[in-house]
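Counting starts at 1 for both ligands and their atoms, in listed order.
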Amino acid sequence: MKIIVTDSSDQAFTRAADMIADEIRSTPTPVLGLATGRTMESIYRLLVQQHEAGTLDFSGTTSFNLDEYVGLPPTDPNSYNHYMREHLFAHVNMPAGRAHVPDGVAADLDAECARYEAAIRASGGIGLQLLGIGETGHIGFNEPPSAFDSRTRVVPLDDVTRRQNSGMFGNDPERVPERALTMGVGTILEARQLLLVAVGDGKAAIINDALNGPISADVSATAIRFHDNVTVILDRDAASIWAQKRG
Ligand code: F6R
């Protein structure tokens, strides 16, 4: 595992965006796994800037997002489908049919999860999977406990996550959907390369658990330690407890 610690969050975002841009440039038909959340906003902004500067072409790119809230249609401003259009898809030249987000309002959610897994397989599999980390240690929405061989499925969201994500819902955790569709930990581990990004001291304790703590289904991010091609990019604040414990 390669762990990069930067002096500032902006440097962390730049390193991450450059890795994604390199993947897009160096692969004829790149398949990206994408995440949402506050951490990713700056990374997408940098990718959009590169595209607008004419140095990054998304025309051959396919993407699969990690997760979506159950019950929120793409038109809902809090849906991850909407987030992705707002922060990335509307600003780059990725063909619309190649930008995949799980359908949170599918009539048959289990069938939607199976369809999503099949679509990832049919694309040839994810080359680079971008990951954030939640306060519960989730990657995607793999809340504790999540088996390391879990697949795309419907999950109940942890109360901690509903509070963490309540900012978009008028700071009311009760308004955050109770369930989500998420790629499984097993699905994520099949990507050829993982890139986890975390910034800020609010992530320091869970980053230490993920990198130093016991490997456990109770902290799904610990699963990345089983993968042989992982880069973790942290700013100094997110790395602080991990760095201290490491000595
Ligand atoms: C969302 C996702 C989540 C977030 C995590 C961190 O698609 O995959 O695992 O990456 O909850 O969210 P932020 O960046 O808002 O702290």
Atom 15 (O) of ligand 1 has as its nearest protein heavy atom R38 N, 2.8 Å

Just need the protein heavy atom nearest to atom 5 (C) of ligand 1, so name the residue and atom and give the distance.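 Looking at atom 5 (C) of ligand 1, the protein heavy atom closest to it is H138 NE2, 3.5 Å.
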
Give the atoms of ligand 1, by number and element, whose distance to some non-hydrogen atom of [X] is under 4.0 Å.
| X | value |
| --- | --- |
| T39 | 13 (P), 14 (O), 16 (O) |
| G132 | 10 (O) |
| D67 | 1 (C), 2 (C), 7 (O), 8 (O) |

With a cutoff of 4.0 Å, is K203 in contact with ligand 1, counting heavy atoms of the residue only?
yes

Problem - ligand 1 contacted by M40 (non-hydrogen, < 4.0 Å) - result: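 In this structure, M40 fails to qualify as a contact of ligand 1 - no heavy atom is under 4.0 Å.
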
Residue pairs meeting ring-ring contact (aromatic ring centres under 6.0 Å, His included), one or both in residues 171-221, sequence neighbours left out, come to none

Item to complete: Quick one: do D57 and S59 satisfy side-chain hydrogen bond (donor to acceptor under 3.5 Å, both in side chains)? Show the steps, please.
Response: CA-CA 6 Å; D57 175 14; S59 61; 2.9 Å; yes

Across all chains, not counting sequence neighbours, the ring-ring contact (aromatic ring centres under 6.0 Å, His included) partners of F141 are Y69, Y80, H138

Counting heavy atoms only, which of [options] is nearest [atom]?
| atom | options | answer |
| --- | --- | --- |
| atom 3 (C) of ligand 1 | G140, A221, G37, G33 | G140 |
| atom 12 (O) of ligand 1 | M183, Q164, E68 | Q164 |
| atom 4 (C) of ligand 1 | T36, L66, T182 | T36 |

Contact region, I133 to ligand 1, non-hydrogen atoms below 4.0 Å, reads backbone

So do [Y] and [X] actually touch side chain to side chain, heavy atoms under 4.5 Å?
| X | Y | result |
| --- | --- | --- |
| M1 | N229 | no |
| S63 | R98 | no |
| Q129 | I126 | yes |

**Request:** With side chain to side chain contact (heavy atoms under 4.5 Å, CB included) as the test, would you mind laying out the steps for R153 and L109 before giving the verdict?
**Result:** CA-CA 8 Å; R153 67 201 188 288; L109 293 172; over 6 Å; no

- Item | Hphob cluster co-occupancy, I207 + V160, side-chain heavy atoms under 4.5 angstrom |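 The answer is no; the residues belong to distinct hydrophobic clusters.
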
